[in-house]
Amino acid sequence: MPKFIVERTVPKVGDLTLEKLNTLGNLARAAPKSFGGRVQWLESFVTENKVYSIITAPDEATVREYSKLTNLPAGHIYLIKLVADITTGE
C-alpha cells in the first residue's frame, strides 16, 4: 500500500493543550473506518504551525477524502518513494 506524508497548516497547533490535540487525534482515528481498511493513519508530527501525518492509502485522492473527514484538510500530499532509516542502515 502506498505511503504518504500529509502536510496540514494549522496556526498555533503546537500551542494546543494535550486534550485539544487528543480531540483532533480522535477524528483522525475514527475517519479510516469510513474507508473499509483502505486508509491507515500511522503517526503524526506536530510543529509550531503544521501537522505532518504519515498515512497509507491506495492513492492521493483517497488521502484527500480522508483528510476532509479529519476536519484538518490536507495542504500538500507527498508520496513517499523511499524510507531511509539510520538505525537499520536501510
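Atom set for the values below is all heavy atoms of this structure, side chains included, hydrogens, waters and symmetry mates excluded. This structure is a prediction, so every number in the text was calculated from the model and none was measured.
Listed by chain and residue number, R8, S44 satisfy the side-chain hydrogen bond (donor to acceptor under 3.5 Å, both in side chains) test with S53 (two or more places apart in sequence, or in another chain).
The minimum heavy-atom distance linking W41 with Y66 is given by the pair CB-OH, 3.5 Å. Scanning both residues, K50 and E7, for their nearest heavy atoms gives NZ-OE2, 3.3 Å. Across N49 and V13, no two heavy atoms sit closer than the pair C-CG1, 4.0 Å. What you find for P2 and L79 is that their closest heavy atoms are CB-CD1, 3.9 Å. For F35 against L69, the heavy-atom pair with the smallest separation is CE1-CD1, 3.6 Å.
The distance from the CG atom of D59 to the CE atom of M1 is 9.5 Å, given to the nearest 0.5 Å. Taking CZ from R64 and CD from E60, the interatomic distance works out to 5.0 Å, rounded to the nearest 0.5 Å. A distance of 9.5 Å separates OG1 of T62 from CD1 of I77, quoted to the nearest 0.5 Å.
Residue pairs meeting the side chain to side chain donor-acceptor pair (under 3.5 Å) criterion with at least one partner in residues 10-22, sequence neighbours excluded, are absent.
By the rule that hydrophobic residues join a cluster once side-chain heavy atoms approach within less than 4.5 Å of another member, L21 and L72 end up as members of one cluster. Cluster membership for L42 and V83, using ILVMFWY side-chain heavy atoms within less than 4.5 angstrom, is shared. A single hydrophobic cluster is not seen to contain both I80 and V63; linkage of ILVMFWY side chains at heavy-atom distances under 4.5 Å, directly or through other members, places them apart. Put simply, V10 and V6 are part of two different groups of oily side chains (I, L, V, M, F, W, Y) that touch within less than 4.5 Å, one to the next.
In this structure, K3 places its NZ atom where only 12 or fewer heavy-atom neighbours from other residues, nucleotides or ligands lie under 6.0 Å away.
At least one side-chain heavy atom of I5 sits under 4.5 Å from a side-chain heavy atom of I54.
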